[in-house]
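Notes follow the structure.
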Amino acid sequence: YLIQDPKYSFLKELGLQEKNVGVFNGKWEANGQVIQSISPASGKVIAEVQTASPADYEACAAAAQEAWHTWGELPAPTRGEIVRQIGDALREKLQPLGQLVSLEMGKILPEAIGEVVEYIHVCDLALGLSRSLPGTIFPSERPGHVLIEKWNPLGAIGIITAFNFPVAVFGWNSAIAMVCGDVSVWKPSETTPLISVAVTKIVESVLQKNNIPGAVAALCVGGKDIGAQLVKDERMKLVSFTGSTAVGQQVGVEVQKRFGRHLLELGGNNAIIVNEDANLDLLLNAALFACAGTAGQRCTTTRRLLIHKKVFNAVVSRLKKAYAGVISKIGDPLLSETLIGPLHTPAAVEAYKKTVAEVVKQGGKIEFGGKVMDREGYFVEPTIVTGLPHDSPLVKTECFAPIVYCIEIPDLDTGIKYNNEVEQGLSSSLFTENLGDVFKWIGPHGSDCGIVNVNIPTNGAEVGGAFGGEKATGGGRECGSDSWKNYMRRSTVTINYSGTIKLAQNIKFGD
Ligand code: NAD
């Protein structure tokens, strides 16, 4: 086990052992199957985690619901103070937790640390929110009446997360939900179990110090069976699901069947439009990170470059040069010289191989890359494809690997049409120096995505704005802006202090 190797001593700093318990309901206890956590850079086992049985899930949900009675009654600023302390505890563990993300998920260390920083930023955001959660008073048409909008917590919520942002996505949900007064049961990806145990231990330490029940932030490591159990559970007032469109669609339908709430953050198929007047130095710099960075495993990775015909050849040839420059920097994500790590699983490598083979079959040209790398771990070459039609089924499908399709466009209007013609609607970006085109792009006939950028990559969002996408990306919004509303229920309250009954619209009923 890698955990025995002194090189990975950060694992012990996070309280991890060779055999870990993957269920926390206030106490750490699990009775499900034991799984191995694998490092994608080597294919070697890091350590073991015992997952949840159906009865363990049941205990988590019951304990969370019980804990809500205490947590939901605390003043929001008191809850904010706990979240502030969680932010501080994360700051203390920033380095080892970042290293663990790199080791278990496979992204490079600066991005892994960035992910923990994102959780810290959300704690800061949530702290402010805890002292400014709004409630409005509207003017009543009736004399001696007040009309109040009152927000209350939902109760228990379920958080199901994907492998590729194993810390940040939990943080986005958890920090905001906590100040809103909710408790949560977290079902992380079964391929990043150690990260979820380490994060929960950090949160637990803060809750314990403040005498708050641990089940305010319950953890249930498990596979899709545990996920499905959570989705069906009527006690989970909201299911916040981050993952693929295929699974998210099933989750949405199941939650709707019981009239629960869902927040869906699903797949993307993100494009950068390169206008004829684009600053190509800026574009190339952004595109390298957006297309090849994180080995193509961000929901906001650029998968399509829609390039004006006047600059098409220049962009493709310069991008190939840029890719050639990073190929020697693919490797162990924990090393400082590495720019691109591995894919996360052997299944992802298979999906990459299948897509590349299909590209060739469909008449596409592999301009760069296209091969699995001959070394231990799950490494593939970042890949540039030309020659496929804009509406080819391959181009319209999200393959979660570093493959970008370059497509020529005659003008911006066509670029916008292609941008919008895929079923997903997460992120998009336009590179231009033309102010009029910027406003067209962000206007009613511009990009139909949830994230609409100008002169920056499609990936790398900040926490202040609302994050999420339209159409098959699910429509959910998390993190900043008014996303907190997802985690609360609204009551419209009318209070009569006039001493007489007056009906709205001045309706007379009887005398
Ligand atoms: P996935 O859909 O395979 O799994 C996501 C989570 O769902 C995991 O925890 C998994 O165990 C669970 N799950 C699987 N089947 C389930 C079921 N039937 N019921 C309940 N839960 C179930 O996704 P993944 O491979 O882990 O992540 C990659 C995908 O996530 C990509 O499509 C990516 O675009 C998307 N993603 C989206 C965002 C966003 O914010 N829009 C962010 C990150 C990732």
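Below, each value reflects all heavy atoms present in this structure, side chains not excepted, and no hydrogens, waters or symmetry copies. We count ligands from 1, going down the list as the structure has it; atoms in each ligand are counted the same way.
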Phe163 and His344 aromatic ring geometry - parallel, tilted or perpendicular at 30°/60° bounds:
parallel

Any salt bridge linking Asp448 with Lys471? Criterion: basic side-chain nitrogen under 4.0 Å from a carboxylate oxygen.
yes

Using a distance-only test with no angle check, is there a side-chain donor-acceptor pair under 3.5 angstrom linking Ser481 and Ser483?
no

Please determine if Lys371 and Glu381 form a salt bridge, counting it only when a charged side-chain N lies under 4.0 Å from a carboxylate O.
yes

Among Gly243, Ala162, Gly158, Ser427, closest by heavy atom to atom 35 (C) of ligand 1 is Gly243

For ligand 1 and Ile160, I'd like to know whether there is a polar contact (N/O to N/O, distance under 3.5 Å).
no

Assess Lys107 against Phe165: is NZ or CZ under 6.0 Å from the centre of the six-membered ring, and within 45 degrees of the ring's axis?
yes

At under 4.0 Å between heavy atoms, what of Arg298 touches ligand 1? The answer is neither

Close N or O approach (Thr473, ligand 1; < 3.5 Å):
no

Indicate yes or no: does Lys257 engage Glu254 in a salt bridge with an N to O separation below 4.0 Å.
yes

Taking only residues two or more places apart in sequence or in another chain, which ones pass ring-ring contact (aromatic ring centres under 6.0 Å, His included) with Phe368?
Tyr323

I'd like to check whether Ser244 has a polar contact with ligand 1, where a contact means an N/O of the residue lying under 3.5 Å from an N/O of the ligand.
yes

Part of Glu478 with heavy atoms under 4.0 Å of ligand 1, whether side chain, backbone, both or neither
neither

Heavy-atom proximity to atom 44 (C) of ligand 1 ranks first, among Asn270, Thr161, Asn269, Asn164, for Asn164

Out of Cys299, Gly268, Gly223, whose heavy atom is nearest to atom 42 (C) of ligand 1?
Cys299

Distance-only side-chain donor-acceptor flag, Glu29 / Asn25, under 3.5 Å
yes

Determine, considering heavy atoms only, which of Asp225, Thr242, Val247, Thr191 sits nearest to atom 13 (N) of ligand 1.
Val247

Of the side chain and backbone of Val169, name the one, both, or neither that has a heavy atom under 4.0 Å from an atom of ligand 1.
neither

Quick one: which ligand 1 atoms are inside 4.0 Å of a heavy atom on Glu190?
10 (C), 11 (O)

Which of the atoms in ligand 1, numbered in the order shown and given with their element, are less than 4.0 Å from a heavy-atom of Glu398?
31 (C), 32 (O), 33 (C), 34 (O)

Within ligand 1, which atoms have a heavy atom of Pro188 less than 4.0 Å away?
9 (O)

With salt bridge (charged side-chain N to carboxylate O under 4.0 Å, His left out) as the rule and sequence neighbours excluded, what pairs involving residues 190-199 come up?
Lys187-Glu190

Quick test: of every protein heavy atom, which one is nearest to atom 40 (O) of ligand 1, and how far off is it to 0.1 Å?
Phe467 CE2, 3.1 Å

Please confirm whether Gly469 approaches ligand 1 to less than 4.0 Å, judged on its heavy atoms.
no

For Trp28, does the six-membered ring have the charged nitrogen or CZ of Lys201 within the cation-pi criterion, i.e. under 6.0 angstrom from the centroid and within 45° of the normal?
yes

Quick one: does ligand 1 sit under 4.0 Å from the side chain of Phe165, the backbone, both or neither, non-hydrogen atoms only?
neither

Counting from 1 in the order shown, the ligand 1 atoms closer than 4.0 Å to a non-hydrogen atom of Ser189 are 9 (O)

Counting each atom of ligand 1 from 1 as listed, which ones have a heavy atom of Ala228 under 4.0 Å away?
19 (N), 20 (C)

